[in-house]
Amino acid sequence: MKTSQSIASALLIGFASIFGTQQSEACTRVLYAGEDSLYIVGRSLDWKTPIPTNIYVYPRGMTKVSSDKPGALTWTSKYGAVYAVGYDGGITEGMNEKGLSINGLFCKGTVYNNADTEGRPPMSMAMFVGWLLDMNETTAEVVKVLKQHNFTIGGQTFDGGTVSALHWGITDASGHTAILEFDHGNIKIYEGNDIRVLTNDPQWPAMQAINDYWKKVGGQNMLPGTVKSPDRFVRADYFIRHVKSTRNAQLGVSETRSVLACSCVPYEYTVETEPNVSSTQWRSFSNLRDRLYYFDIVTNLGMYYVDLKKIDLRPGQPVRKFDTAKHTDTVGDVTHLLVKSKPFTPMY
């Protein structure tokens, strides 16, 4: 009769055979649930080459377009928001003034469009997150918009031809979360109040099956330790559910930061047999209750944050920007260091 240890070993070998050859676009997203309605979304941005990222704050009342192609959607923003903008050309993630946070992470199984989506209004990847943050207050509102699927999504490649194959984590100030994935052109949405982690591939149903196995093993007994997406998911899910729950925002960010750090890929870590292993470039933390957006570049001396409550987001106010390359030794509240700026130019 096989022992439980031998069965576990066999299962581990099986998982390794399934996921061992995957490339590692190693982003991680966690949701910390504290007391007194304290919810903090932490995420890492991992990639094999630098992705320069600046912080922009947009006011309400700005008219925007989804694409430079014919038939594009046009909207006027209902809510102000802070965006992390890669290459000064596309919104990677952000949080709006209502405490709605949306983060895009790589997922290689993504296929955005099919024959049924042809002819729908074009939506650029550069503006997709901005559109959802600009027009919605809650996760439920975002889900309603997404289920209408009145768009076809696409965008420029980057980093020598890489396609932005993504899935998204969406969380509002109540902690309600949805995972958005595209499966051969069809939108798949997974909702719940207990969704705490998102990494990369496989897609959500398969990832849950893997995590369910590890829950039975018990994280206090053993956790998987590689940088592959399923292993990082399991570690993050276990630790984010077992750190102390607090109402103190600073302590909550510290706990979220520590969980994220042990679920990321160390900076400039490489694997000789896996040339596409990606290490963490930066981490962000969105305090959805207090409307604080933290940014943590791993090569900087410290972490800083923008306080949306201190910024005038009324229509007619200017776009503001924080140039991360000019502030490598800045720590703490940088709201006063935001400067008036032109809007970023979308890489449609």
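Here the structure is a predicted model, which means the values were calculated and not measured.
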Just by modelled atom types, is the [Y] backbone N or O under 3.5 Å from a matching donor or acceptor in the [X] side chain?
{"X": "K309", "Y": "D290", "result": "yes"}
{"X": "N114", "Y": "T117", "result": "yes"}
{"X": "R60", "Y": "P315", "result": "no"}
{"X": "Q281", "Y": "T49", "result": "yes"}
{"X": "N211", "Y": "F233", "result": "no"}
{"X": "N287", "Y": "I40", "result": "no"}
{"X": "T177", "Y": "G175", "result": "yes"}
{"X": "R283", "Y": "R257", "result": "no"}
{"X": "R291", "Y": "E97", "result": "yes"}
{"X": "N113", "Y": "T152", "result": "no"}

Which heavy atom in [X] sits nearest to a heavy atom in [Y], and how many Å separate them?
{"X": "S278", "Y": "A26", "value": "O-CB, 3.6 Å"}
{"X": "M207", "Y": "P230", "value": "SD-CA, 3.8 Å"}
{"X": "P266", "Y": "S279", "value": "O-CB, 3.1 Å"}
{"X": "G80", "Y": "L313", "value": "CA-CD1, 4.2 Å"}
{"X": "S286", "Y": "Y293", "value": "OG-CD1, 3.3 Å"}
{"X": "L288", "Y": "S101", "value": "CD2-CB, 3.6 Å"}

Under 4.5 Å between any side-chain heavy atoms of [X] and [Y], yes or no?
{"X": "D183", "Y": "Q203", "result": "yes"}
{"X": "V253", "Y": "L292", "result": "no"}
{"X": "L146", "Y": "L132", "result": "yes"}
{"X": "M127", "Y": "S67", "result": "no"}
{"X": "Y190", "Y": "Q208", "result": "no"}
{"X": "T28", "Y": "V265", "result": "no"}
{"X": "P59", "Y": "V319", "result": "yes"}
{"X": "V129", "Y": "W168", "result": "yes"}

message = For D237 and R241: C-alpha separation, side-chain torsions, deciding distance, then whether salt bridge (charged side-chain N to carboxylate O under 4.0 Å, His left out) applies.
response = CA-CA 6 Å; D237 191 74; R241 296 178 187 276; 3.1 Å; yes
ask   = Salt-bridged, K342 to D88, with N to O below 4.0 Å?
value =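 Salt bridge flag = no for D88 with K342.
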Salt bridge R235-D231, side-chain N to carboxylate O under 4.0 Å =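 The answer is no: the pair does not qualify as a salt bridge.
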task = Could you tell me if the ring centre of Y112 sits under 6.0 Å from that of F182?
result =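 Yes.
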Sub-6.0 Å ring centroid separation between F295 and F322 =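 No, the ring centres sit 6.0 Å or more apart.
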Roughly how far, to the nearest 0.5 Å, is [atom2] of [Y] from [atom1] of [X]?
{"X": "N193", "Y": "T171", "atom1": "CG", "atom2": "OG1", "value": "10.0 Å"}
{"X": "S263", "Y": "I240", "atom1": "OG", "atom2": "CD1", "value": "8.5 Å"}
{"X": "F128", "Y": "I102", "atom1": "CZ", "atom2": "CD1", "value": "7.5 Å"}
{"X": "S245", "Y": "E255", "atom1": "OG", "atom2": "CD", "value": "8.0 Å"}
{"X": "D134", "Y": "Y83", "atom1": "CG", "atom2": "OH", "value": "3.5 Å"}
{"X": "D116", "Y": "N186", "atom1": "CG", "atom2": "CG", "value": "7.5 Å"}

request  = Kindly indicate, with the supporting measurements, whether the criterion side-chain contact (heavy atoms from CB on, under 4.5 Å) is fulfilled by S174 and Y39.
outcome  = CA-CA 8 Å; S174 74; Y39 293 99; 5.6 Å; no
request  = Test side-chain contact (heavy atoms from CB on, under 4.5 Å) on V143 and H176 and set out the steps.
outcome  = CA-CA 11 Å; V143 168; H176 186 64; 5.9 Å; no
Using the rule that Ile, Leu, Val, Met, Phe, Trp and Tyr join whenever any side-chain heavy atoms are under 4.5 Å apart, tell me whether [X] and [Y] fall into a single cluster.
{"X": "Y79", "Y": "M135", "value": "no"}
{"X": "V298", "Y": "F285", "value": "no"}
{"X": "M222", "Y": "V234", "value": "yes"}

inquiry  = Counting neighbours of NZ on K215 that are heavy atoms of other residues, nucleotides or ligands and sit closer than 6.0 Å, is the number greater than 12?
reply    =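 Buried by this count: over 12 neighbours within 6.0 Å.
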task = Taking atom CD of Q148 as the centre, report whether more than 12 heavy atoms of other residues, nucleotides or ligands fall under 6.0 Å from it.
result =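 Correct, the count exceeds 12.
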message = Under the criterion side-chain contact (heavy atoms from CB on, under 4.5 Å), I'd like the reasoning laid out for L308 against M95: C-alpha separation, chi angles, the key distance, then a yes or no.
response = CA-CA 9 Å; L308 281 183; M95 176 181 70; 4.0 Å; yes
Decide whether [X] and [Y] meet the rule of one side-chain donor and one side-chain acceptor closer than 3.5 Å.
{"X": "S284", "Y": "E93", "answer": "yes"}
{"X": "D307", "Y": "T335", "answer": "no"}
{"X": "T324", "Y": "N54", "answer": "yes"}

inquiry  = Under the criterion side-chain contact (heavy atoms from CB on, under 4.5 Å), I'd like the reasoning laid out for L100 against I170: C-alpha separation, chi angles, the key distance, then a yes or no.
reply    = CA-CA 7 Å; L100 176 69; I170 305 158; 4.0 Å; yes
task = Indicate the ring-plane relationship of Y305 and Y294, choosing parallel, tilted or perpendicular according to the 30° and 60° boundaries.
result =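 If you compare the ring of Y305 with that of Y294, the planes turn out tilted.
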